[in-house]
Protein chains: 2
Amino acid sequence: MARKAGSTRQDTEAKIYLAARNLFARFGYAAVSMRQIASEVGVNQAALYHYTPTKQDLLAGLLTRHMDDLIAAYDAESHPDDPLLALDHFTRFHIAYHLTKPDEVFLSYMELRSLEPDHFQKITALRSDYEERLRHILASGLKTGAFTAIEPSITAMAILSMLTGITNWYKPGGRLSQDDIETYYSRLVLRAVGATPLAEENPQCSMRA
Amino acid sequence: MARKAGSTRQDTEAKIYLAARNLFARFGYAAVSMRQIASEVGVNQAALYHYTPTKQDLLAGLLTRHMDDLIAAYDAESHPDDPLLALDHFTRFHIAYHLTKPDEVFLSYMELRSLEPDHFQKITALRSDYEERLRHILASGLKTGAFTAIEPSITAMAILSMLTGITNWYKPGGRLSQDDIETYYSRLVLRAVGATPLAEENPQCSMRA
DNA sequence: GTCTATATTACGATAGAC
DNA sequence: GTCTATCGTAATATAGAC
């Protein structure tokens, strides 16, 4: 298995996906050219076509990987049975995962419309698959009485919008640590569904009351 | 003031802005050509340049108008002094306004990155101006004790993300009326900030409890 | 106010040498 | 596996006739 030093297929492929992700997230799919991506990788534009048949496939590959990874990461964790704990856990997981992959998240929300129909449906189905996990928690909590007066489908969308929106303003190294943010949003979410937040009667957290 | 029948400057300009808004919202600024816009309006591509110096100015004009209109519409309403009522009012206003102008809203969230620096700063400042109105309500409620254990800046972003996210799934004529949605989200929001929602002990609303 | 025609530049993708 | 060169197309924007 002799390899040329400095350039293997896997290496280059990873660099291409990384560059595409950064550029698409920053400027948008339609505004980025294959030449820009190649330039970022350090190869000629024509070389990209040994790794992806089209620009569209490059985008679809990025989004598919992201959604697959997200669902796999969530399913790999253990989930509390108690709805209140499960919702707290979901909130923290979603925030933590999304804050560590801001580009992928941004892309998967902004560039759905750049996908051709087949790819679009595939990604939309994967997203719905993930959302279903939150709807299930909300429905369980409604049944046990842990949550009150909520409609699971709408509430799931409301919560996901709220949590994902963090990526619009969060910058690492800011006033609040990631853990502060998780704790704060968990309280917002638990209150919103009519539950008593975990730390409500134990105000040691860093927020002013 | 003799006018040629069928085509005045104001008419055509309005059509151009309308077409640009629709197309940019649907396919993204970078993916839409001046030819497409002209075709939608029913004029030749070159005619557009009598109404806007560049494509970039067309986008900036759309976003500026939207933010100006949003702020003017909010300021034109009367705002309750009581923080709880004020927050309920803000929630309903934001939802109602955003659901009536889905394209403008979508554009102003998706195409900020397509703006060149000067325009970007201008729009960002206008947005912050609007957000400030919500922060003010939250800070007042914290002072009076109507809201508990919240941080106004973060909570404002959380609420705005949640409310604006409605435009991602709402379709007119669905299961829930706009008023149902306003009522439901007002409860989510008021609960989240630690207030007792207006209709909490009066569960005549259409949600199941 | 709108048109035809065009200058200039860039795009996605391919062919074929090395 | 990467390159040079290029094909065919389409982009923004402008010039100038009517």
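Proteins get letters first, then strands, A, B, ... in listed order; numbering begins at 1 in each. Since the structure is predicted, the reported quantities are computational estimates derived from the model, not experimental observations.
Set against dT14(C), dA13(D), dT2(D), the side chain of Tyr49(A) has dT14(C) as its closest nucleotide. Of the candidate nucleotides dA13(D), dT4(D), dA13(C), dA13(D) has the atom nearest to the side chain of Gln45(B). Among dT2(D), dT2(C), dT4(C), the nucleotide with an atom closest to any side-chain atom of Asn44(B) is dT4(C). Taking the side chain of Tyr51(B) as heavy atoms from C-beta on, and the options dT2(C), dT4(D), dA13(C), the nearest nucleotide is dT2(C).
Side-chain atoms of His94(A) and Tyr130(A) include a donor-acceptor pair closer than 3.5 Å. Checking Ser153(A) against Arg175(B) by side-chain atom types alone, no donor-acceptor pair falls below 3.5 Å. No side-chain donor-acceptor contact under 3.5 Å links Thr91(A) and Asp88(A).
Using modelled atom types, one side-chain atom of Gln36(A) and one backbone atom of Ser33(A) make a donor-acceptor pair closer than 3.5 Å.
Remark: P of dC3(C) and NE2 of His50(B) are 10 Å apart, rounded to the nearest angstrom. As a whole-Å value, the separation of Gln56(B) CD from dA11(D) P is 18 Å. Nucleotide dC11(C) holds its P atom 15 Å from the CG atom of Leu58(A), rounded to whole Å. In this entry the distance linking OH of Tyr29(A) with P of dG12(C) reads 8 Å, nearest Å. Taking atom CE on Met34(B) and atom P on dT8(C), their separation rounds to 20 Å, with Å as the unit. Atoms CD (Gln10(B)) and C1' (dG1(C)) sit 15 Å apart, rounded to a whole Å.
Taking only side-chain nitrogens and oxygens, Thr12(B) comes nearer than 4.0 Å to OP1 or OP2 of dT2(C). Ser33(B) has a side-chain polar atom (N or O) that falls below the 4.0 Å cut-off from OP1 or OP2 of dA11(D).
Residues Ala46(A) and Ala47(B) both approach DNA chain C. Their nearest nucleotides, taken by heavy-atom distance, put Ala47(B) toward the 5′ side.
Between the base of dG12(C) and the side chain of Arg35(A) there is a donor-acceptor pair shorter than 3.5 Å.
At the heavy-atom level, Val41(A) lies nowhere under 4.0 Å from the strands shown.
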Side chain to side chain contact (heavy atoms under 4.5 Å, CB included) between Leu112(B) and Arg127(B), intermediate numbers included: CA-CA 11 Å; Leu112(B) 268 185; Arg127(B) 176 179 297 186; 3.6 Å; yes
